[in-house]
Amino acid sequence: MASRTNADESETSAESAVARRVRLGGSAVLLAIALTAGSIAVGALRDGGTTTTAAAAPSAVSPALLTGGDLDTSIASLQDHLRSQPKDFGGWATLGLAYVEQARTKGDPSRYPQADKALARSLKLAPDNEQALAGRAALAAARHDFADALKYADQVLRQNPYDERALSSRVDALVELGRYDDAAKAADTADARKPGVPVFTRYAYVRELRGDVSTAERVLKQALASATTPGDVAYVAAQLGQLAWNQGDYKAALTYYARALAADEDYIPALEGRARAQAASGDRAAAVKNMADVVARYPLPGPLVELGELYQQAGDQEKADDQYALVDAWTALARANGVNADLDTALAAADHGDKASALRAARAEWKRRHTVHTADALAWALHVNGKDTEALPYARRATATGYRNAAFLYHRGMIERATGHAKDARSHLKAALKLNPGFSTLGAAEARKALKTLEAAK
Amino acid sequence: MTPNSRSGAGRRSLATLVCAALAAGGLAAAGVATLEPGAASASSHREAPLISGDPQYDNTDVYAFVSPDKPDTTTIVANWIPFEDPAGGPNFYQFAEDAQYDIHIDNNGDGQGELLYRFTFKTHTKNKKTFLYNTGAVDSLDDPDLNITQTYDIDLFRLKNQKVEYKTKVADDVPVAPSNVGKASMPNYEKLRDQAVYKLPGGATSFAGQADDPFFLDLRVFDLLYGGNLTEVGNDTLKGYNVNSIALQVPTDMITESKHQPIVGIWSTTQRRNAQGYYSQVSRLGNPLVNEVVNPLKDKDKFNASSPWYDGQFLKNVTNPELPKLIEAIYKIKAPAEPRNDLVDVFLKGVKGLNQPPHVRAAEELRLNTSIKPTDSPKRLGVLDGDNAGFPNGRRLTDDVIDASLQVVEGELVGSKNDLGDAVDKNDKDFEKSFPYVALPTEGSRGPLAKGTTDGADVRNQLGDALQPAGASGSDDTTLIAASAGAGAAGILLIGGGLMWWRRMRTRAY
């Protein structure tokens, strides 16, 4: 990272915005490849007759080795081990899984292709081995290929019905495919067979999606009480923070985020959650500072939009537009790579970018899977494109499971207002503001304004 | 929400922005580093942990023997939490509050427990404002400076056909011996441990707390499986690591069926409270090597969740075991003929005329004939060396179960005499002469750092590094291989491999 330098700064504004973005996307991609090629340790994965040096060739074969929290060290020692023991299929499966986990904890999806290679190597050495297939399921889920994730998880569970990772991946896949009843059943099964942090966190999420906040909270607290590694503590505490934030309890959210950051000071979701909770509770200066820190590390659409809105709210439109422009650049980069811009991108674009492409992305995602999140994104993308009648059923669907999400309620209320359902609009806008009055810097203001108008017209 | 106007980007061009973001490492890291579709995913999907540590629920070993200094009593020791690193910081290791730590006793050979001792733990924090384990030097278990303490209850269940006939509370709020965090904090740890030895009504005694891991073996042999580059055996991999022990000494007549039927089968399980509020069995252990070596990978989790009553389902793993075949394939040591009824005896029924109860049902239990008197000069290979007071008649702390099991698996009892072993013949620390017999834990202030590790490294990494094959540099350790490998080192690696799984994975899929 240190070697990255600014490249072409002489860009002019002569080109059309779109052409410029695409071209930039291309060059940024090349730059990115050049810069990260060295860090992608695929070379390290080649088993070819490289002789090991006198340096250690530690054997670290079990994924349990990864639980200590220092994933980087574990991965390095696994790589060393595999250089000297290239036929260790279990080691390759573990390495693959370690990369998936690293992608999660560091927010760095460039690990996925590495994971893919390591798992493929494992399966080549030992076809259908359980560890590698479970790794495949985890990788597919991480890449949002949930149908594949389900397929691999089921394959593993036929061999070993107690495989913790496959049980967990199965819940993830069903949730993300919008099959909530099946997901709840799968979570019960997983919980009966393998109670523990990985299953508890899924169990809680399935309950939260159905509006059962108290069960979600109870189970996450149980998970936190038994979490021992920093990674687990950070993850579970951040989930509790998000749950509290979703219910508008910013004080509790900040406490949980602090707990998460005490375990892992670089845990991105906790950093982001803390900034959002600070923004929602009125501590704008801290929110801006901390969200800028998140964006500097990892400029995903969600935090970029939040930071932009914080600037915009304070009247600094120029800085806000910079953030929104980066969202577009991110999207362009993703598209230039043949990557489907995902839901966050669609939502960000709907509010601050190219509305037509937001709708395209949302429709594409809806085609793949029918979840409350894809329904909400599609509803909102239709709304900003003026297609409110078409949007309404999706907005209703997004809130139908009882999931307590203020943004969903807000979106529904605004769409109801646009379609002339004033009474429903009032009740949903009210519900959004009651549940989580700071759910979005600009969205909450919009909701208040709309509600005021609606009340006045009553 | 205000639509974004592209021209609003002002004096800073988009290129500058992107380049700045790239320079900061963000955009590249955010998933555009590769050209693969699907590689760049944002955060809309909740990525939950795949790798979690839950050693508190991980049953590592069970021992059962006639107490050498009190031959009318039987001692059972069960251990949890493998690889406790004494040097791991201001670290301490607790029993889980949401677990049931159970010791089962089958006294009629039917594969069902007739007695169940259940240990459950509570954690107490004196000063909630600090997370420090101790706030000053600790002189006694009730020292106010010992900030975080645990206590336990013991419930005794009498069962018939797996139904509870009655339940009694035999101990209430008994103190747990703390983790030995170091000399400065605990100048006289032995005193603290003595205070944790607790007399129960009816002549029984119990102990719960930290102890040196009594298991001894050399795990480095594991590497052999993949490259045959074993260059050194003979180091106790578990040297310096602690475990959490539960020990129970009971008058033998309290647990046996009758004077005429003195054989008991013993195993330990851990149940964990799940999200739905009931308890699931996540770990099980009787004999030291069955799940790890005899059961293939796909059955290990199932075994952990099952009870001995249903062990018929694993019978084929015992009569037609994988291990000797693997050894034959790789190391040309001929596998004994199948079906291996000798292994069924050792692992599932007990040896006839020694520790096999009448009307026995094949089930994986540590079987102990309590009528065999303890010996003053125990032999590490136990029954194999003519010492019937040891493994596989129960298991003493000093029994070398790796060597004994390996020799049995390779046919010692069916005419294939062999002398296989891992060259680790005893524990690095001496055991105590009286209850709870386990050795004092290695103290935090002088915990060993495995080769190649630094202070910050976690315990599992240390183990990983400790496993390095010493010959990786091509040094002349070949003589050592020749000496120890010959026939033998071969097999251990497989045992070692199984043990790796066993000791760390018992409650996990990986």
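Labels below follow one simple rule: chain letters A, B, ... track the order of the sequence lines, proteins then strands, and each chain is numbered from 1.
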Work out which heavy atom in A:Val197 is nearest to a heavy atom in B:Arg272; give both atom names and the distance.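 Closest approach of A:Val197 to B:Arg272: N-NH2, 4.4 Å.
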Segment of B:Tyr278 engaging chain A (4.5 angstrom heavy-atom cut-off):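 Only the side chain of B:Tyr278 comes within 4.5 Å of chain A.
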Does any heavy atom of chain A fall under 4.5 Å from the side chain of B:Ala275, the backbone, both, or neither of them?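 For B:Ala275, heavy atoms of backbone and side chain both lie under 4.5 Å from chain A.
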Need one label for A:Arg207: side chain, backbone, both or neither, based on atoms under 4.5 Å from any heavy atom in chain B.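 Nothing of A:Arg207, per the 4.5 Å heavy-atom cut-off to chain B.
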Which answer fits A:Asp191, side chain, backbone, both or neither, if we ask what part of it has an atom under 4.5 Å from a heavy atom of chain B?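 Answer is both: backbone and side chain atoms of A:Asp191 are under 4.5 Å from chain B.
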Output the option from A:Asp188, A:Thr215, A:Val384, A:Val219 having the highest count of non-hydrogen pairs under 4.5 Å with chain B.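 With the most close heavy-atom pairs to chain B, the winner is A:Asp188.
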Which one of A:Ser226, A:Pro269, A:Ala227 has the most heavy-atom pairs closer than 4.5 Å to chain B?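 Most heavy-atom pairs under 4.5 Å with chain B: A:Ser226.
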Is there a side-chain contact between A:Pro195 and B:Tyr57 in this structure, where contact means two heavy atoms from C-beta onward sitting under 4.5 Å apart?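 No - every pair of side-chain heavy atoms lies 4.5 Å or more apart.
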So does A:Arg193 get a backbone contact from the side chain of B:Ser280, meaning a donor-acceptor N/O pair under 3.5 Å?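 Pair absent, no side-chain N/O of B:Ser280 close to backbone of A:Arg193.
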Rounded distance (nearest 0.5 Å) linking atom CG of B:Asn274 with atom CD of A:Gln222: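 So the gap between those two atoms works out to 7.5 Å.
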Gap separating the NZ atom of B:Lys298 from the CG atom of A:Asn129, nearest 0.5 angstrom: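 If I round to the nearest 0.5 Å, the distance is 14.5 Å.
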Please rank B:Gln276, B:Arg273, B:Gln94, B:Gln56 by heavy-atom pairs under 4.5 Å with chain A and give me the top one.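 The residue among B:Gln276, B:Arg273, B:Gln94, B:Gln56 with the greatest pair count is B:Gln276.
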